[in-house]
> 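One structure, pasted below without further comment.
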Amino acid sequence: MLYLCATPIGNLGDMSNRILDTLREVDLIAAEDTRNSIKLLNHFEIKTPMTSYHEYNKYDKAAELIKKMQEGLNVALITDAGTPAISDPGEVLVKMCHESGIKVTSLPGPCACITALTLSGLPTRRFAFEAFLPSDKKERRVILEELKSESRTIIIYEAPHHLKNTLDELFEALGNRKITLCRELTKKFEDIMPVTLEEAITYYNENEPKGEYVLVIEGKSYEEKRAEEVLKWEEISIEEHMKIYEAKGLDKKEAMKAVAKDRGVSKREIYEYLLN
Ligand code: SAM
């Protein structure tokens, strides 16, 4: 069978005993980058033979590995870091195993997106994991357009040399949302920065991005969505109308002014209504 084995995303102490036992017991370890994984295996004195399984051989190699498993071998899949099949070619192997009747199990462990989400301080109940935004410009535009109306918390992976550009694009598409930048998770210089997109852009205009990043961004608020749905302001109560502006960051006085303008009445009328 196939064992998906999560490996540390920066701290070797996160390697579980069950995964260590499995890596020692299987017949073969398929690794995304054998040069990288050999360091991990050496550290834990694991002598199991290793073979490469990566983006550029993911179909042919999957067929080869499946043949071995059909002959009775047990295979473990590990990636450069974290949980296999999350933003790496593992998903292809899993799909092909299901199609060939090979049993698959997952030994859970570190995963950058979940670690970042739990640290973000943003709503965790509903989230959308985007992995890396596509590098193809057209595809990227389509995804950013989709994200404009995403109400779940959004999680994006990013490399340091693309960070500034991605922050600019996110600001342009989503406006000034809350964002938590999670850098070097589980490592010595782990850094969690809960800011707004505008603040993040200002910060990275003065500081060079370093290390690996997960960006966690707040989804579109209910109030923002509601504001788009409303055709006539009279359809909603003055209280709900006020909440829409307050959710955008306006104080009570500014919100009253905006509500009065939308409804074509004086600010005083709104004030007196709310007072009563
Ligand atoms: N399979 C992995 C997982 O479970 O999260 C993700 C692999 S993906 C190819 C690599 C990306 O994950 C990095 O570019 C970065 O965005 C994120 N990442 C991995 N380790 C990280 C860490 N220690 N701190 C912050 N981000 C990390």
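Just so you know, residue 1 is the first one in the sequence shown, and it goes up from there.
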> In the structure I gave you, are the side-chain heavy atoms of Leu181 and Tyr203 within less than 4.5 Å of one another anywhere?
no
> In terms of side-chain geometry, is the basic nitrogen of Lys67 or Glu64 positioned less than 4.0 Å from the acidic oxygen of its partner?
no
> Tell me if the NZ atom of Lys220 is crowded by more than 12 foreign heavy atoms within 6.0 Å.
yes
> Got a sec, which residues hit side-chain contact (heavy atoms from CB on, under 4.5 Å) with Pro123, two or more places apart in sequence or on another chain?
Thr153
> Kindly give the heavy-atom pair with the smallest separation between Ala258 and Leu250, and that separation in Å.
CB-CD2, 4.3 Å
> Flag the pair Ile217 / Ile156 as yes when at least one side-chain heavy-atom distance between them is below 4.5 Å, and no otherwise.
yes
> Check Cys97 against Met69 and note the closest heavy-atom contact, atom names and distance.
SG-CE, 3.8 Å
> Between Asp33 and Arg35, is there a side-chain N and carboxylate O pair less than 4.0 Å apart?
yes
> Can you tell whether the side chains of Glu145 and Lys148 come within less than 4.0 Å, N to carboxylate O?
yes
> Taking side chain to side chain contact (heavy atoms under 4.5 Å, CB included) as the criterion, tell me which of Leu163, Ile154, Leu133 meets it with Leu215.
Leu163
> Throw together a table of side-chain donor-acceptor distances under 3.5 angstrom for residues 17-29, partners on residues two or more places apart or in other chains.
from  : atom 1 : to    : atom 2 : distance (Å)
Thr22 : OG1    : Arg18 : O      : 2.8
Arg24 : NH2    : Phe44 : O      : 2.7
Asp27 : OD2    : Asn74 : N      : 2.7

> For Val214 and Cys113, which heavy atoms make the closest approach, and how far apart are they?
CG1-CA, 4.5 Å
> Closest approach of Ala76 and Cys5, non-hydrogen atoms and distance?
CB-SG, 4.1 Å
> Under the side-chain contact (heavy atoms from CB on, under 4.5 Å) rule, collect the residues that match up with Ile192, sequence neighbours excluded.
Leu119, Thr180, Cys182, Leu185, Glu190
> Give every donor-acceptor pair under 3.5 Å between a side-chain atom in residues 268-276 and any protein atom, sequence neighbours left out.
from   : atom 1 : to     : atom 2 : distance (Å)
Arg268 : NE     : Glu272 : OE2    : 3.2
Arg268 : NH2    : Glu272 : OE2    : 3.4
Tyr273 : OH     : Glu239 : OE1    : 3.3
Tyr273 : OH     : Glu239 : OE2    : 3.3
Asn276 : ND2    : Glu272 : O      : 3.1

> More than 12 heavy atoms of other residues, nucleotides or ligands under 6.0 Å from NZ of Lys178: yes or no?
no
> Could you check whether any side-chain heavy atom of His98 comes within less than 4.5 Å of a side-chain heavy atom of Val104, counting everything from C-beta outward?
yes
> Could you tell me if the side chain of Glu254 sits less than 4.5 Å from the side chain of Tyr245, heavy atoms only?
no
> With a cut-off of 6.0 Å (strictly less than), are more than 12 heavy atoms of other residues, nucleotides or ligands near CZ of Phe127?
no
> Which heavy atom in Ala200 sits nearest to a heavy atom in Ile179, and how many Å separate them?
CB-CG2, 4.3 Å
> Who passes side-chain contact (heavy atoms from CB on, under 4.5 Å) against Lys210, sequence neighbours left out?
Arg183
> Got a salt bridge between Arg263 and Glu234, using NZ or NE/NH1/NH2 to carboxylate O under 4.0 Å?
no
> Would you mind listing every salt bridge (charged side-chain N to carboxylate O under 4.0 Å, His left out) that reaches into residues 85-96, with sequence neighbours excluded?
Lys95-Glu99
> Taking atom NZ of Lys164 as the centre, report whether more than 12 heavy atoms of other residues, nucleotides or ligands fall under 6.0 Å from it.
yes
> Counting only heavy atoms from other residues, nucleotides and ligands, does the tally under 6.0 Å from NZ of Lys61 exceed 12?
yes
> Tell me, yes or no, whether the heavy-atom count around Phe132 atom CZ, taken from other residues, nucleotides or ligands under 6.0 Å, exceeds 12.
yes
